[in-house]
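Values in this document were obtained by computation on a predicted structure and should not be read as measured data.
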Amino acid sequence: MPCVLRFAAVLALLILPAVSTHHAQYTLYHRLYHPSEPQGHFEQRGTVTISHDNSVSFHPAPSFEDDISSFSHDMKQVKNKDLLLYQVALEREGDKKEEHWDVSSVKACHLAGSTSEQIYFHAVDVHGPKPYAINYFVTPIPHDGACPRSRSKKAKLPSLESFAKVNTTVFLKGSHVPPLPHLTSPPPITPDGQPVAPVSEKTFLQKYWMYIAAFLLAIRALLSILFSAAA
């Protein structure tokens, strides 16, 4: 009996770490993108870990700060900076082709003034999630979404160094089925395929002529009795 208990205890210790450490990891990538410039490849941005209890954590890549420094240098070389985008991509599971990844973008000009970023993972089911899409946001940004303007043309571009220390929050969102539309019954049709004309509403006399006739007959009978009594 003690041997059986000892074996059960050892088995429990072996199983417990496997259960407690069960998690899924997804890799995010990033790059600068300009529609009129040569398209660069994505670089690793970090790893998102989803635990068995749906808690989410983000771990930036070791090269993140170097990438931001490189992006800051590249931004200075771009003429039309309003079209420059900062893209974050979710790698498809088992798919290394960048053109198949889901991508979310923000204007690169907002990175220097941003203090936080939000990454939304969209999954069909949050229980055992497998994210299929992402949304990426940075804050704060102007209400109109326009790039900040400098008063002087000789003013230097703000550095992206502060963005290397940005506060990152990752959210896991499940899909929601919208309410079904309320469908009414189709109108009846005739054998010829024409809609049946609605029955016209009866007039007051058509509805109550019997009561009116009975009332008049009763009045006439009452008058006849009164005239007979008077005579």
Side-chain angles (χ1 to χ4, degrees), residues 24-51 54-92 98-123 126 129-152 155-176:
Q25 287 188 339
Y26 300 91
T27 305
L28 294 179
Y29 294 82
H30 66 158
R31 70 177 179 185
L32 291 180
Y33 172 80
H34 196 285
S36 62
E37 298 289 339
Q39 183 171 326
H41 291 287
F42 282 102
E43 302 293 340
Q44 186 173 350
R45 169 64 204 274
T47 303
V48 175
T49 302
I50 304 177
S51 302
N54 285 350
S55 59
V56 184
S57 59
F58 177 75
H59 306 280
S63 59
F64 176 58
E65 292 189 14
D66 292 337
D67 291 343
I68 295 301
S69 178
S70 177
F71 291 164
S72 182
H73 177 268
D74 294 341
M75 288 181 63
K76 298 176 182 178
Q77 313 302 320
V78 178
K79 294 182 179 179
N80 190 350
K81 296 177 175 57
D82 287 347
L83 299 180
L84 187 63
L85 299 177
Y86 176 68
Q87 294 186 328
V88 177
L90 170 64
E91 179 185 11
R92 302 290 188 187
E98 296 181 0
E99 58 268 22
H100 295 168
W101 297 350
D102 190 69
V103 179
S104 184
S105 308
V106 296
K107 287 186 175 182
C109 60
H110 295 316
L111 298 184
S114 299
T115 57
S116 63
E117 63 180 356
Q118 299 82 40
I119 306 173
Y120 288 84
F121 269 37
H122 297 275
V126 294
K130 290 185 177 181
Y132 62 88
I134 62 171
N135 282 124
Y136 179 78
F137 305 94
V138 294
T139 53
I141 61 172
H143 291 293
D144 58 359
C147 290
R149 302 293 181 184
S150 59
R151 296 182 179 180
S152 174
K156 295 182 179 180
L157 289 173
S159 174
L160 297 184
E161 292 182 2
S162 61
F163 188 72
K165 306 297 183 181
V166 67
N167 182 30
T168 305
T169 307
V170 182
F171 301 91
L172 180 62
K173 298 189 67 175
S175 60
H176 298 280

Can you find a heavy atom in the side chain of [X] that is under 4.5 Å from one in the side chain of [Y]?
| X | Y | value |
| --- | --- | --- |
| P148 | H110 | yes |
| Y26 | K130 | yes |
| F71 | L111 | no |
| E98 | R31 | yes |
| F58 | V56 | no |
| L32 | Y86 | yes |
| P62 | Q44 | no |
| F121 | V48 | yes |

- Rounded to the nearest 0.5 Å, what's the gap from NZ on K79 to CD on E37? Could you check? 8.5 Å
- Item | Atom pair CD1/CZ of I119 and R45 - distance to nearest 0.5 Å | 5.5 Å
- Assess the side chains of Q25 and T27: does a donor N or O sit below 3.5 Å from an acceptor N or O?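 No, T27 and Q25 have no side-chain donor paired with an acceptor closer than 3.5 Å.
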Do you know the tightest heavy-atom contact between [X] and [Y]?
| X | Y | result |
| --- | --- | --- |
| A89 | W101 | CB-CE3, 3.9 Å |
| M75 | L160 | SD-CD1, 3.5 Å |
| S116 | T139 | OG-OG1, 2.6 Å |
| A133 | L90 | N-CD2, 4.1 Å |
| C147 | K107 | SG-CD, 4.0 Å |

- Message: According to ring-ring contact (aromatic ring centres under 6.0 Å, His included), who are the partners of F64, at least two apart in sequence or on a separate chain?
- Response: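 In terms of ring-ring contact (aromatic ring centres under 6.0 Å, His included), with neighbours along the sequence ignored, F64 is linked to H30.
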- Message: Holding to ring-ring contact (aromatic ring centres under 6.0 Å, His included), I want the full list of residues that pass it with Y33, two or more places apart in sequence or in another chain.
- Response: none
- Query: If you draw a 6.0 Å radius around CD in E161, do more than 12 non-hydrogen atoms from other residues or ligands fall strictly inside?
  - Reply: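 No.
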- Task: Answer yes or no: are there more than 12 heavy-atom neighbours, outside H100 itself, under 6.0 Å from its atom NE2?
- Result: yes
Enumerate donor-acceptor pairs with a distance under 3.5 Å from any side-chain N or O in residues 162-174 to protein atoms, sequence neighbours excluded.
{"unit_1": "S162", "atom_1": "OG", "unit_2": "A112", "atom_2": "O", "d": "3.3"}
{"unit_1": "K165", "atom_1": "NZ", "unit_2": "E65", "atom_2": "OE2", "d": "2.9"}
{"unit_1": "T168", "atom_1": "OG1", "unit_2": "E117", "atom_2": "OE2", "d": "2.5"}

